[in-house]
**Q** 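Before anything else, here's the structure in question.
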Amino acid sequence: MVIRTRFAPSPTGFLHIGGARTALFSWAYAKKHGGKFILRIEDTDVERSTPAAVQAILDGMHWLGLDYDEGPFYQMQRIQTYKRVLQTMLDAGTAYYCYSSKEELETLREAQTLAGEKPRYNGKWRPETSKTLPPIPADIAPTVRFKNPQTGTVAWEDMVKGRIEIANAELDDLIIARADGTPTYNFCVVVDDFEMGITQVIRGDDHVNNTPRQINMLMAFGASIPQYAHLSMILGDDGQKLSKRHGAVSVMQYHEDGYLKEAVLNYLARLGWSHGDAEIFNMQQFCEWFDLDRITPSAAQFNTEKLNWLNAHYIKEANINTLAEDIAARLQVNTHADPGMPDLKSVLNLYRERANNLNQLAKDIAYFYQKPEANMTDVEKHITPEIMPAMHKLYQQLAHIEWTDEAIHREINAVVTEFGLKFPKIAMPLRVMLTGIAQSPSIDQVMAMLGQNETLARINTYLK
RNA sequence: GUCCCCAUCGUCUAGAGGCCUAGGACACCUCCCUUUCACGGAGGCGACCGGGGUUCGAAUCCCCGUGGGGACGCCA
């Protein structure tokens with residue numbers, strides 16, 4: 001059997017980290033089994049769906065490289081299909097018109113909640129053989145409800161949570177078409193999953209409670225039941241639930257915040273899923289290893305520190321051309337303003353080992369392309385009167401040497417020896433003069449890369 | 001309230017009844033490397049929610065608590 005999975009977001013906001021993980025797992029499952037991954041946009045909530053949100057979702061998936069084989073399908077373009085199925089169900093008696101108004105249902109819910117009962121439809125318009133329905137009100141446009149079985153249980157073997165069983169007595173007759181005739185979520189999902197031949201429904205576990213109803217509907221039209229895998233949710237860094245108000249950000253925000261997609265993908269894959277002790281793996285490896293039954297059934301807390309660690313790893317591993325392109329875009333300065341400026345790739349090779357964030361990396365190397373603003377604490381601490389004679393001497397010597405890190409190193413050593421100083425006594429002030437701060441890679445390498453003219457000019461500023 | 005789900009270091013996890021004195025990773029601490037900061041290397045700290053069963057033996061199976069989460073829309 002050909003495996004077909006889908007990702008079915010509703011375009012009411014950006015693609016957040018939880019959605020991205022759901023998409024990633026669906027995608028990986030299809031890839032692993034040589035199946036198809038389908039993207040379906042669930043936009044039946046016309047009020048809240050926006051084209052901008054659709055684009056945001058597409059952008060997020062594109063950035064992560066989660067390519068789909070079919071779609072995007074838009075549910076609003078499939079209304080005729082839903083209406084056709086709706087009519088079939090009405091004809092077959094597996095669905096019926098309900099004339100209870102919104103207000104009436106609201107009152108019912110309130111009363112039930114007050115009485116400590118589970119709020120649910122009371123079955124007023126549900127046709128039964130021995131029952132007389134109330135007279136149809138003329139002023140109310142009816143909704144359509146699914147006639148859910150009232151006895152027995154629905155059970156399925158969830159691929160991540162194991163067997164789940166729910167009594168039909170717990171379920172009421174859900175509305176599958178609104179008064180205006182548009183179909184609702186639970187109905188569209190079922191029709192689509194069926195017609196699109198979805199074999200594994202992989203989604204967030206907030207849908208566990210929808211599953212029994214969906215299975216009942218599938219059975220009502222004689223469809224085969226797909227396998228279900230309900231992924232537990234992702235909690236924020238603080239252990240709190242992610243929501244629009246709290247901590248939920250677009251995956252694209254991670255791009256803006258200096259993360260490589262490889263790091264985000266690896267992190268997300270490892271969050272709530274494991275393959276022995278494997279921590280670092282690319283997507284090809286992930287797709288080979290991936291299996292739904294290796295997913296943890298409990299919620300997982302997001303940990304930025306670990307993401308940072310992975311980011312550092314992938315910055316080290318990154319293709320230098322790709323990395324340079326990325327950093328050039330983040331750098332607020334022009335790396336080619338002057339032909340004498342250091343080569344960005346060389347600079348990155350000097351710095352990438354120590355970075356765990358692309359924005360930070362860009363910031364750290366900016367001094368190669370523009371005069372740094374000196375940190376005054378570092379200036380006062382390291383550029384002291386006692387080292388000035390040695391610095392003057394070094395400045396003079398540096399003007400005449402061949403500009404290689406070996407030669408530079410030799411010169412610094414010579415001056416250090418001549419003035420009876422320790423190497424850092426000179427290296428530290430040089431760092432401050434050249435980079436603005438007291439931390440940098442090997443100072444001779446920094447100087448070699450900065451170039452003779454620029455190095456001398458920056459030192460000279462402090463010799464007055 | 002009702003129903004459903006979940007529960008191993010601070011965090012992500014390994015663990016399929018004896019391989020567990022509970023393993024790995026991030027973070028943290030110490031040391032090493034060193035020209036500062038990082039990187040890297042070597043160590044260290046650190047957990048089976050509680051109580052009952054079942055069993056020769058339980059982190060693992062069962063039950064009951066407790067705690068957390070989810071659902072209960074003419075939202076998805």
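Every chain is numbered from 1, with letters handed out A, B, ... down the list of sequences. The structure displayed is predicted, hence computed values, not measured ones.
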**Q** If you look at every strand shown and take non-hydrogen atoms under 4.0 Å, does A/A300 touch a base, only sugar-phosphate, or nothing?
**A**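 The answer is sugar-phosphate, as A/A300 gets under 4.0 Å only of primed atoms, P, OP1 or OP2.
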**Q** Quick check on B/G73: is either OP1 or OP2 less than 4.0 Å from any side-chain nitrogen or oxygen of A/R213?
**A**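 Answer is no, no contact under 4.0 Å.
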**Q** Given B/U35, B/C74, B/C3, which nucleotide is nearest the side-chain atoms of A/T184?
**A**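 Nearest nucleotide to the side chain: B/C74.
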**Q** Please report the distance separating the P of B/A59 from the corresponding atom of B/G53, rounded so that it comes out in whole Å.
**A**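 Looking at atom P only, B/A59 and B/G53 are 15 Å apart.
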**Q** Would a distance-only check, ignoring hydrogens and angles, find a side-chain to backbone donor-acceptor pair under 3.5 Å from A/R120 to A/Q112?
**A**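 Checking the backbone N and O of A/Q112 against the side chain of A/R120, no donor-acceptor pair under 3.5 Å is found.
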**Q** Can you tell me if A/R120 touches the phosphate of B/G73, counting only side-chain N or O atoms and a distance under 4.0 Å to OP1 or OP2?
**A**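 For A/R120, the contact criterion (side-chain N or O under 4.0 Å from OP1 or OP2 of B/G73) is not met.
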**Q** Have a look at A/H409 and say if it touches a base, only the backbone sugar-phosphate, or nothing, with a 4.0 Å heavy-atom cut-off.
**A**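 Answer is base: heavy atoms of A/H409 come under 4.0 Å of a base.
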**Q** Select one nucleotide: of B/A76, B/C4, B/G40, the one nearest the side-chain heavy atoms of A/I166.
**A**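 Among B/A76, B/C4, B/G40, the one nearest the side chain of A/I166 is B/C4.
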**Q** Any luck finding a side-chain donor-acceptor pair between A/R203 and A/T211 under 3.5 Å?
**A**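 There is such a pair (donor and acceptor under 3.5 Å, judged by atom type) between the side chains of A/R203 and A/T211.
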**Q** Quick one: does any side-chain atom of A/K316 pair with a main-chain N or O of A/A355 as donor and acceptor, under 3.5 Å?
**A**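 Checking the backbone N and O of A/A355 against the side chain of A/K316, no donor-acceptor pair under 3.5 Å is found.
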**Q** Using a 4.0 Å heavy-atom cut-off, does A/K102 contact any base of the nucleic acid, only the sugar-phosphate backbone, or nothing at all?
**A**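 Base, at least one base heavy atom under 4.0 Å.
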**Q** Give none if B/C49 has no partner; otherwise give the nucleotide forming a Watson-Crick or G-U wobble pair with it, both distances under 3.5 Å.
**A**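 Across any shown strand, B/C49 pairs with B/G65.
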**Q** So if I take every side-chain heavy atom of A/K306 and compare against B/C74, B/A25, B/A76, which nucleotide ends up nearest?
**A**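 Taking heavy atoms from C-beta onward, the closest nucleotide is B/A25.
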**Q** Can A/D205 and A/S232 be said to form a side-chain hydrogen bond (donor to acceptor under 3.5 Å, both in side chains), step by step?
**A** CA-CA 5 Å; A/D205 72 358; A/S232 56; 5.2 Å; no
**Q** Name all pairs fulfilling the salt bridge (Lys or Arg N to Asp or Glu O under 4.0 Å) condition that reach into residues 38-47 of chain A, sequence neighbours left out, sorted by first residue then second.
**A**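 Checked against salt bridge (Lys or Arg N to Asp or Glu O under 4.0 Å) - neighbours excluded - the pairs reaching residues 38-47 of chain A are A/R40-A/E42, A/R40-A/D192, A/R40-A/D193, A/D45-A/R48.
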**Q** Could you tell me how far B/A25 sits from B/A42 if I compare only their P atoms? Round to whole Å.
**A**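 Result for the P pair: 10 Å, nearest Å.
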**Q** If you assign each of A/A8 and A/G162 to its closest nucleotide in RNA chain B, which residue comes earlier from the 5' end?
**A**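 Looking at the nearest nucleotide for each, A/G162 comes out on the 5' side.
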**Q** With a 4.0 Å cutoff (strictly under), does any side-chain N or O of A/R270 reach OP1 or OP2 of B/U13?
**A**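 No, outside the criterion.
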**Q** A/Q301 and A/D237: side-chain donor and acceptor closer than 3.5 Å?
**A**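 Result is no, nothing qualifies.
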**Q** Is A/R21 reaching over with its side chain to a backbone N or O of A/L271, donor-acceptor style, under 3.5 angstrom?
**A**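 Checking the backbone N and O of A/L271 against the side chain of A/R21, a donor-acceptor pair under 3.5 Å is found.
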**Q** If you look at every strand shown and take non-hydrogen atoms under 4.0 Å, does A/T435 touch a base, only sugar-phosphate, or nothing?
**A**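 The residue A/T435 makes no contact with any strand.
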**Q** When you compare the protein's N or O atoms with those of nucleotides 63-68 of chain B, which come within less than 3.5 Å of each other, and at what distance?
**A**
none

**Q** Has the side chain of A/E279 got a donor or acceptor atom sitting under 3.5 Å from an opposite partner on the base of B/G24?
**A**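 Looking at the base of B/G24, it does pair with a donor or acceptor on the side chain of A/E279 (distance under 3.5 Å).
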**Q** If I pick the C1' atom on B/G17 and the same atom on B/G57, what distance separates them, to the nearest angstrom?
**A**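 One C1' to the other, the span is 8 Å.
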**Q** For B/C45 and B/C28, measure between their C1' atoms and round to the nearest Å.
**A**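 B/C45 and B/C28 have their C1' atoms separated by 8 Å.
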**Q** Which nucleotide wins on minimum distance to the side chain of A/T296, given the candidates B/C5, B/C3, B/U13?
**A**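 Looking only at side-chain atoms, A/T296 lies closest to B/U13.
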**Q** May I ask which nucleotide in the shown strands pairs with B/C26, Watson-Crick or G-U wobble, both distances under 3.5 Å?
**A**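 Partner of B/C26: B/G10.
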**Q** Contact class for A/K422 vs. all strands (heavy atom < 4.0 Å): base, sugar-phosphate, or nothing?
**A**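 A/K422: no heavy atom of the nucleic acid under 4.0 Å.
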**Q** Check every atom of B/U35, B/C3, B/A7 against the side chain of A/P297 and return the nucleotide holding the closest atom.
**A**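 Nearest listed nucleotide: B/A7.
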**Q** Among B/C12, B/A76, B/U35, which nucleotide sits nearest the side chain of A/P424?
**A**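 Of B/C12, B/A76, B/U35, B/U35 is nearest to the side chain of A/P424.
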**Q** Between B/U36, B/C3, B/G23, spot the one nearest the side chain of A/E170, thanks.
**A**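 Selected nucleotide: B/C3.
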**Q** Nearest whole angstrom, please: distance from the P of B/A7 to the NZ of A/K161.
**A**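 Distance, rounded to whole Å: 8 Å.
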**Q** Select one nucleotide: of B/A27, B/C5, B/A16, the one nearest the side-chain heavy atoms of A/R294.
**A**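 Ranking B/A27, B/C5, B/A16 by closest atom to the A/R294 side chain puts B/A16 first.
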**Q** Return the orientation label for the A/Y99 and A/Y97 ring planes: parallel under 30°, perpendicular over 60°, tilted otherwise.
**A**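 Because their plane-to-plane angle lies in the 30° to 60° range, the rings of A/Y99 and A/Y97 count as tilted.
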**Q** Would you classify A/P9 as touching base, sugar-phosphate or nothing, given that sugar-phosphate means primed atoms plus P, OP1 and OP2, and contacts are heavy atoms under 4.0 Å?
**A**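 Since no nucleic acid heavy atom lies under 4.0 Å of A/P9, the category is nothing.
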**Q** Hey, does A/S232 reach any base, or is it just sugar-phosphate, or nothing, if we go heavy atoms under 4.0 Å?
**A**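 If one applies the 4.0 Å heavy-atom cut-off, A/S232 turns out to touch nothing in the nucleic acid.
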**Q** Which nucleotide in the set B/A7, B/G73, B/C3 lies at the smallest distance from any side-chain heavy atom of A/S298?
**A**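 Nearest listed nucleotide: B/A7.
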**Q** Counting Watson-Crick and G-U wobble pairs only, both distances under 3.5 Å, name the nucleotide matched with B/C39, or none.
**A**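 For B/C39, the partner nucleotide comes out as none, under the 3.5 Å rule.
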**Q** How far apart are the C-alpha atoms of A/K393 and A/E418, what are their side-chain angles, what is the distance that settles it, and do they pass the salt bridge (charged side-chain N to carboxylate O under 4.0 Å, His left out) test?
**A** CA-CA 10 Å; A/K393 179 66 185 287; A/E418 183 184 339; 2.9 Å; yes
**Q** Check whether any side-chain heavy atom of A/F146 lies under 4.5 Å from a side-chain heavy atom of A/I175, and answer yes or no.
**A**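 Answer no - side chains too far apart.
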**Q** So among A/N168, A/D173, A/D172, which one has a side-chain hydrogen bond (donor to acceptor under 3.5 Å, both in side chains) with A/R213?
**A**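 Looking at A/N168, A/D173, A/D172, the match for A/R213 under the side-chain hydrogen bond (donor to acceptor under 3.5 Å, both in side chains) is A/D172.
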**Q** What's A/S100 touching, base or sugar-phosphate or nothing? Going by heavy atoms closer than 4.0 Å.
**A**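 If one applies the 4.0 Å heavy-atom cut-off, A/S100 turns out to touch a base.
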**Q** Remember a base hit wins even if backbone is also touched, and classify A/D444 as base, sugar-phosphate or nothing at under 4.0 Å, heavy atoms.
**A**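 Base: the residue A/D444, judged by heavy atoms under 4.0 Å, touches a nucleobase.
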**Q** Once you apply a heavy-atom cut-off of 4.0 Å, does A/I443 come out as touching a base, just sugar-phosphate, or nothing?
**A**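 Base, at least one base heavy atom under 4.0 Å.
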**Q** Give one of base, sugar-phosphate or nothing for A/N210, where a contact means two heavy atoms less than 4.0 Å apart.
**A**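 Contact class for A/N210: base.
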**Q** Suppose you measure atom P in B/A27 against the same atom in B/G68; what distance do you get, rounded to whole Å?
**A**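 Approximately 30 Å lies between the P atom of B/A27 and that of B/G68.
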**Q** Picking from B/C4, B/U36, B/C26, which would you name as closest to the side chain of A/Q439?
**A**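 The answer is B/U36.
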**Q** Who does B/C3 pair with, Watson-Crick or G-U, both distances under 3.5 Å?
**A**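 In the structure as shown, B/C3 has B/G70 as its Watson-Crick or wobble partner.
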**Q** Between B/G44 and B/C61, how far apart are the two P atoms, rounded to whole Å?
**A**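 It comes out at 31 Å once rounded to the nearest Å.
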**Q** Need one value for A/S274: base, sugar-phosphate or nothing, where a base atom within 4.0 Å counts as base even if backbone is also close, heavy atoms only.
**A**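 Sugar-phosphate contact only.
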**Q** Which base sits across from B/A59 as a Watson-Crick or G-U pair, both distances under 3.5 Å?
**A**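 Because no pair has both required distances under 3.5 Å, B/A59 counts as unpaired.
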**Q** Does any N or O donor sit under 3.5 Å from an N or O acceptor when you compare the side chain of A/R431 with the base of B/U35?
**A**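 Per atom types, the contact qualifies.
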**Q** For the atom pair OH (A/Y314) and OH (A/Y267), what is the distance rounded to the nearest 0.5 Å?
**A**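 Result: 14.0 Å between the selected atoms.
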**Q** Just call it for A/H230: base, sugar-phosphate, or nothing, with non-hydrogen atoms closer than 4.0 Å on any strand.
**A**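 A/H230: no heavy atom of the nucleic acid under 4.0 Å.
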**Q** Which part of the nucleic acid, if any, lies within reach of A/G204 when heavy atoms closer than 4.0 Å are counted: base, sugar-phosphate only, or nothing?
**A**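 No contact.
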**Q** Using atom C1' in both nucleotides, what's the gap between B/C9 and B/G15 to the nearest angstrom?
**A**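 These two C1' atoms come out 14 Å apart once rounded.
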**Q** What distance, rounded to whole Å, do you find between the two P atoms, one in B/G23 and one in B/C48?
**A**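 Result for the P pair: 13 Å, nearest Å.
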**Q** Can you work out whether A/D277 or A/G272 has the more 5'-proximal nearest nucleotide on RNA chain B?
**A**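 Nearer the 5' end of the strand: A/G272.
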**Q** Side-chain N or O of A/K118 versus OP1/OP2 of B/A71: is the shortest distance under 4.0 Å?
**A**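 So the side chain of A/K118 is outside the cut-off, no N or O lying under 4.0 Å from OP1 or OP2 of B/A71.
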**Q** What is the distance from NE2 of A/H313 to P of B/C26, rounded to the nearest Å?
**A**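 Those two atoms, NE2 and P, are 12 Å apart.
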